[in-house]
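This chain uses plain numbering: 1 for the first residue, then up along the sequence. Both backbone and side-chain heavy atoms feed into the values below; hydrogens, waters and symmetry mates do not.
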Amino acid sequence: MAKPTEGAARGPIRSDKRESGQARHARLYVNGLDRPIELPILKPSLGQDVIDIGRLTGKGYFTYDPGFVSTASCDSNITFIDGDAGTLLHRGYPIEQLAEQSDFLELCYLLLHGGLPSAADKAAFNAAVMSERGVPDGVRAMIAQFSPGAHPMGIMTALTGALAAEYHEGLDITDEADRMATAQRLIAKMPSLAALTYRHGKGKGYLAPRDDLNYAENFLYTTFAEDENYEINPVIARAMDRIFMLHADHEQNASTSTVRLAGSTGTNPYSAIAAGIAALWGPSHGGANEAVLQMLAEIGSPENIDTFVAKAKDKDDPFRIMGFGHRVYKNYDPRAKVMQETCHEVLAELGVESDPMLVMAQRLEKIALEDEYFIERRLYPNVDFYSGITLKAVGIPTEMFTVIFTTGRTPGWIAHWREMVSEPYKIGRPRQLYLGQTKRDYVPIEHRP
């Protein structure tokens, strides 16, 4: 495997991304050039055709695309989203089927290996992950340096970065065995770090995972238990497992792209994941479910719904309905359907199905699906709409919501990192449209006006 270099040639397009049939090209006409620039059109297995603009630099041009809304930064075999159809596929499998019939660790295997495991493969993978659940002594000692009021996402970023210091000697990212060991270790340790972060805020010490509990059960135990007599509610454990699954991967979003960009330098993979956590912390990315609860708290009661909906429709009013619409999905978020069912199951199990927040959420959803204002703008409920309510009911404080997101998203991040470094790749180097000063000569300070 080639190490990244600034000018390294891109490796060959994987066979599933080659142009099918007769080669097609787009022609770019530029004033001053005698002939158009021909750009290959690549055919994906699903989704829109992609114009390969890689040769533009050699012609003295590059493109301007703020936010990368029209740019494919990589090719990938992991996840596909069709926002118009409301489709999310992991390695070709619909998220609805996976959430209903699979579990989080099997989804992790799927993301990393490309296919569903046999019974023996699943047992071996689960055992490998479970064997890595413990938190190193140095990392556990580090958390004591944070104040009890430190933000959990800041702590998670720091603790994950600390794993880079713990696991650096002998790490060879060009070795497949090392890459897989890194992936399994990160998936294993993230819920332990999340639980440790929660307990630190509560003034409680580290609680080691138990061998008789599965992934989600261990998260609940190491987070909330006072001792080994803590009883796991299977409905709550299944809900946590689904929450992790629904956040496992979501294509080339901001945090995943951050992991890929950091990883393209050849950096320690734990550092690349820490960079992804920092990106996820942003309120426009991982903090959306927090915003839903804050909005419901502002509304106050179901009787105020109509008033606040009117405020949301008023373009001069700053109030916005949170948890509706998505940058990618222009249809019903398929994850939201699963999360809605899970939310109802949890609230019914806990006997709080008449919770005012759920009543408000149901009323808002009904309005969004029937009101022309929301229909015309395709503002359908997204996964954040119900996940925040569910997490609150389970007992997760609002400031920990994005930490839960981090735990679920880790397999997606590390799968994308592993996919990238497993074949020839280039160091990420975005361009810019420079609008600053042209060349100026330095003026000594005594001669300046």
Side-chain angles (χ1 to χ4, degrees), residues 98-99 102-112 117 122-137 139-140 143 152 155-156 159-160 162-163 166-167 181-202 204-248 270 273 277 342 345-346 349-350 387 390-391 393-397 400-414:
L98 293 168
S102 185
D103 59 54
F104 181 66
L105 282 185
E106 184 172 68
L107 176 53
C108 292
Y109 183 100
L110 174 65
L111 294 175
L112 290 171
K122 183 178 180 182
F125 180 79
N126 286 9
V129 170
M130 293 303 184
S131 69
E132 290 281 1
R133 293 170 299 172
V135 178
D137 292 342
V139 178
R140 286 165 51 185
I143 199 169
I155 296 176
M156 287 292 290
L159 296 184
T160 306
L163 293 179
E166 290 282 343
Y167 300 104
T182 296
Q184 292 172 169
R185 183 176 291 130
L186 272 161
I187 292 168
K189 294 193 186 308
M190 206 55 71
S192 298
L193 294 181
L196 182 63
T197 298
Y198 171 85
R199 295 179 75 86
H200 174 71
K202 298 294 183 180
K204 299 178 180 180
Y206 171 72
L207 191 61
R210 280 169 37 186
D211 292 337
D212 61 320
L213 300 178
N214 66 28
Y215 193 89
E217 291 171 344
N218 254 310
F219 170 74
L220 293 172
Y221 170 72
T222 55
T223 299
F224 297 118
E226 297 296 336
D227 53 46
E228 291 194 355
N229 295 320
Y230 179 80
E231 293 187 13
I232 305 294
N233 185 315
V235 174
I236 305 304
R238 177 59 177 156
M240 287 305 311
D241 195 75
R242 277 188 172 178
I243 288 172
F244 292 149
M245 292 181 73
L246 294 176
H247 291 91
Y270 302 95
I273 299 299
I277 295 173
T342 302
E345 290 171 3
V346 168
E349 175 67 17
L350 298 176
S387 64
T390 306
L391 289 172
V394 170
I396 305 293
M400 282 286 296
F401 284 3
T402 316
V403 172
I404 304 301
F405 195 156
T406 296
T407 303
R409 182 54 55 86
T410 296
W413 287 333
I414 199 62

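Residue pairs meeting the salt bridge (Lys or Arg N to Asp or Glu O under 4.0 Å) criterion with at least one partner in residues 206-224, sequence neighbours excluded, are Arg133-Asp211, Arg210-Asp212. For residues 232-248, every residue pair satisfying the side chain to side chain donor-acceptor pair (under 3.5 Å) rule, not counting sequence neighbours, is listed here: Glu100-Arg242, Asn233-Glu349, Arg238-Asp241, Arg242-Thr342.
Nearest heavy atom pair, residue Ser102 against residue Glu106, reads OG-OE1, 2.5 Å. Across all their heavy atoms, Phe401 and Leu391 have their closest contact at CE1-CB, 3.5 Å. Closest approach of Phe104 and Ala248 over heavy atoms only: CE1-CB, 4.3 Å. Considering every non-hydrogen atom in both Ala194 and Val403, the closest pair reads CB-CG1, 3.4 Å. Pairing each heavy atom of Leu105 with each of Phe125, the nearest pair is O-CE2, 3.4 Å. The two residues Ser192 and Pro209 have their closest heavy-atom pair at OG-CG, 4.0 Å.
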Given the rule in the side-chain contact (heavy atoms from CB on, under 4.5 Å) test, do Val139 and Leu193 qualify, once you have shown the distances and angles that lead to the verdict? CA-CA 9 Å; Val139 178; Leu193 294 181; 4.0 Å; yes
Evaluate the side-chain contact (heavy atoms from CB on, under 4.5 Å) criterion for residues Phe224 and Ile396: first the C-alpha distance (whole Å), next the side-chain angles of each, then the deciding distance (0.1 Å), finally the verdict. CA-CA 10 Å; Phe224 297 118; Ile396 305 293; 3.6 Å; yes
side-chain contact (heavy atoms from CB on, under 4.5 Å) assessment of Leu350 paired with Ile236: CA-CA 9 Å; Leu350 298 176; Ile236 305 304; 4.2 Å; yes
Run the numbers on Lys122 and Asp103 for side-chain contact (heavy atoms from CB on, under 4.5 Å), then give the verdict. CA-CA 11 Å; Lys122 183 178 180 182; Asp103 59 54; 2.8 Å; yes
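The distance from the CD1 atom of Ile404 to the CD1 atom of Ile243 is 7.5 Å, given to the nearest 0.5 Å. The CD atom of Glu231 lies 13.0 Å from the OH atom of Tyr221; values are rounded to the nearest 0.5 Å. One finds the CG atom of Asp227 at 8.5 Å from the CG atom of Leu207 (value rounded to the nearest 0.5 Å). Atom CG of Leu163 and atom CE of Met190 lie 7.0 Å apart (nearest 0.5 Å). How far SG of Cys108 is from CE of Met245: 9.0 Å, rounded to the nearest 0.5 Å. Going from atom CD1 of Ile273 over to atom NZ of Lys189 covers 14.5 Å, rounded to the nearest 0.5 Å.
With sequence neighbours left out, Ala195 forms a side-chain contact (heavy atoms from CB on, under 4.5 Å) with Thr222, Thr223. A search for side-chain hydrogen bond (donor to acceptor under 3.5 Å, both in side chains) contacts involving Tyr198 returns nothing, not counting sequence neighbours. Pro191 pairs by the side-chain contact (heavy atoms from CB on, under 4.5 Å) definition with Tyr215, Phe219, Thr407, not counting sequence neighbours. A search for salt bridge (charged side-chain N to carboxylate O under 4.0 Å, His left out) contacts involving Asp137 returns Arg140, not counting sequence neighbours. Residues passing the side-chain hydrogen bond (donor to acceptor under 3.5 Å, both in side chains) test with Lys202, sequence neighbours excluded: none. Residues forming a side-chain contact (heavy atoms from CB on, under 4.5 Å) with Thr182 (at least two apart in sequence, or on another chain): Leu171, Leu186, Pro269, Tyr270, Ile414. The side-chain hydrogen bond (donor to acceptor under 3.5 Å, both in side chains) test applied to Arg199 returns no partner, not counting sequence neighbours. Applying the side-chain hydrogen bond (donor to acceptor under 3.5 Å, both in side chains) rule to Glu226 yields the partners Lys204; only residues at least two apart in sequence or on another chain are considered.
A heavy-atom distance below 4.5 Å is found between the side chains of Ile232 and Tyr230. Between Leu107 and Phe244, every side-chain heavy-atom pair lies at or beyond the 4.5 Å cut-off.
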